[in-house]
Amino acid sequence: MDCQVNKSGSAMVIRVSGRLDAVTAQDFEKQCTEILNGGENNLVVDLSGVEYISSAGLRSFLVVGKKLKAANGTLSLSGLQGMVREVFEMSGFATLFPEYPSVEEAIEAAG
Amino acid sequence: MTGGETGFAAVSGIEKNRRTLLAYAPVASSDWSVGVVIPEHELFADIKTLNHTVLGIGAAGFAILFFSVGDVSDKGVPAALFMAVTKTLMKGIAERGLTPSQVLSRVNAELCQNNDSAMFVTLACGVLDISTGELQYSNAGHNPPVLIKKDKPPEMLPMPPGLVLGAMEDAVFKTNSIDLKTGDRLVLYTDGVTEAMDENKNLFSENRLLEIISGMKAPDPELMVKDIMNAVEAHASGMPQSDDITVMALYYKKK
């Protein structure tokens, strides 16, 4: 799993690639938490490079989402495809976060 | 979830398969029978290895069968405790004669209290009226069960949408309903089945599950779970799996 982080407009864009499983989810959560602790509260997570996500991976989204909610922030998604989309839809997680067709549209929506 | 759940360990004829370290436990009455395959440590609660599967079957006066299969996110002792709490809630709430979605709503509300660690459970549950064959079922972010109508190819049971339990207090659940006829079967499972990986990280997949079930001749649910397990094992070919594998098969045979 690899995360590339860029600031774009008022949003922090996190491009995740690889596998979000029990091992790597903690790392993803840690990186997101560090971004939040730095005062950012608009996160756009691009999942187009993610090939696999487990329930531990989903849980890290819930953790980060809860922290952002408490800080009046947002977590937006883009790039859901294949198995990752299936998992987000089956688990109901797709209803928890706003989703955009592209990173650019997610950034724009963040203002 | 009255008799069956606690009854598993006491069911006679539990057969231990040393190769997989899994236990098979058949449960039956004259009108229905259930086969389950669950990780061995589910039966012999060792706190260090306690798995994260929630599973229960119970019969109230042999007229209503309540069943559920679920999966807790994450592993280890906190996940095991979360599982234990979920099971206890399911048991207590399911005994009150509610619809499956009402059961899920109440269990969810309880699990959301003080859930700072953001754990969650995916769960599918159903209530079968043994005398009429009416099956009511609901979904909390779980894999769709496989429905095998007598003499028809297996299909994924259309599940109502529903968020995993423990994630959001105001999550809404729905109950769907179908009529089972004599000879109909249902297979519930955790994602450890469909996401079992071979050495090239290829998933077992829903399609493969449907294929395996399609090729089954015997309606015996105990044989069904064994056949599914053997196929998953053959796919995994000895690779360590990250998720627990649970399968429950239900056979409705009321005349």
Side-chain angles (χ1 to χ4, degrees), chain A residues 1-2 17-33 36 43 45 49-75 77 80-99, chain B residues 52-53 70-76 78-79 82 104 108 111-112 115-124 138-144 156 159-174 190-192 194-197 200-207 240-244:
Chain A
M1 195 275 302
D2 184 53
S17 56
R19 301 165 55 81
L20 271 172
D21 55 23
V23 179
T24 59
Q26 287 180 352
D27 191 29
F28 170 71
E29 191 182 313
K30 202 173 140 221
Q31 294 204 37
C32 288
T33 305
L36 300 193
L43 260 56
V45 182
V50 176
E51 62 198 53
Y52 173 84
I53 184 164
S54 72
S55 58
L58 283 181
R59 190 170 144 237
S60 61
F61 278 85
L62 191 57
V63 171
V64 175
K66 281 187 172 187
K67 284 180 180 165
L68 275 166
K69 199 177 170 190
N72 282 324
T74 57
L75 196 168
L77 302 175
L80 274 77
Q81 36 70 43
M83 181 269 181
V84 177
R85 171 169 292 284
E86 274 173 34
V87 169
F88 266 87
E89 285 178 353
M90 190 189 288
S91 61
F93 270 62
T95 62
L96 288 181
F97 308 105
E99 188 200 340
Chain B
H52 55 159
T53 300
D71 200 358
V72 179
S73 60
D74 220 338
K75 291 192 192 310
F82 202 74
L104 293 185
N108 179 57
L111 287 178
C112 284
N115 183 16
D116 297 334
S117 57
M119 284 205 199
F120 62 82
V121 186
T122 74
L123 197 134
S138 189
N139 172 37
H142 197 75
N143 303 65
M156 290 295 174
M159 294 286 264
L163 182 64
V164 298
L165 301 177
M168 258 182 54
E169 225 162 311
D170 51 358
V172 177
F173 304 95
K174 288 180 186 154
T190 58
D191 62 6
T194 43
E195 291 178 17
M197 283 181 210
N200 297 319
K201 303 210 160 147
N202 294 312
L203 304 181
F204 186 74
S205 82
E206 286 183 1
N207 285 341
Q241 298 297 309
S242 61
D243 227 345
D244 279 334

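Below, chains carry the letters A, B, ... as their sequence lines are ordered, and counting in each starts from 1. Just so we're clear, the structure is a prediction, and the values are computed from it rather than from any experiment. Reckoned from all heavy atoms, side chains included, excluding hydrogens, waters and symmetry mates.
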Above 12 or not: heavy atoms from other molecules or residues under 6.0 Å from CD of A:Gln81? yes

B:Lys201/B:Glu195 ion pair, N-O < 4.0 Å: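 Between B:Glu195 and B:Lys201 there is no salt bridge, as every charged N stays at least 4.0 Å from the carboxylate O atoms.
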
So, the part of A:Val87 with a heavy atom under 4.5 Å from chain B: the answer is side chain

Please classify the contact between A:Leu96 and chain B as side chain, backbone, both or neither, with a heavy-atom cut-off of under 4.5 Å.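 The answer is the side chain of A:Leu96.
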
Just so I understand: if I count every heavy-atom pair under 4.5 Å between each of A:Glu51, A:Glu89, A:Arg19 and chain B, which residue has the most?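 Highest number of pairs under 4.5 Å: A:Arg19.
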
Specify which of A:Arg59, A:Met83, A:Lys66, A:Glu86 makes the most heavy-atom pairs with chain B at under 4.5 Å. A:Arg59

B:Asp116 versus chain A, the contacting section by heavy-atom distance below 4.5 Å: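 B:Asp116 has no heavy atom closer than 4.5 Å to chain A.
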
Heavy-atom cut-off 4.5 Å, strictly under: side chain, backbone, both or neither for B:Met168 against chain A?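 The side chain, not the backbone.
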
Identify which of B:Ala140, B:Ser117, B:Ala171 forms the greatest number of heavy-atom pairs closer than 4.5 Å to chain A.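 If we count pairs closer than 4.5 Å to chain A, B:Ser117 comes out on top.
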
Aromatic rings A:Phe97 and A:Phe88: how do their planes relate, parallel, tilted or perpendicular, breaks at 30° and 60°? perpendicular

Does the side-chain contact (heavy atoms from CB on, under 4.5 Å) test come out yes or no for B:Leu203 and B:Thr194, once each step is laid out? CA-CA 6 Å; B:Leu203 304 181; B:Thr194 43; over 6 Å; no

Going by distance alone, is a donor N or O of one side chain under 3.5 Å from an acceptor N or O of the other, for A:Asp21 and A:Thr24? yes

Ignoring hydrogens and geometry beyond distance, is a side-chain donor-acceptor pair present between B:Ser138 and B:Lys174 at under 3.5 Å?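 Short answer, no.
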
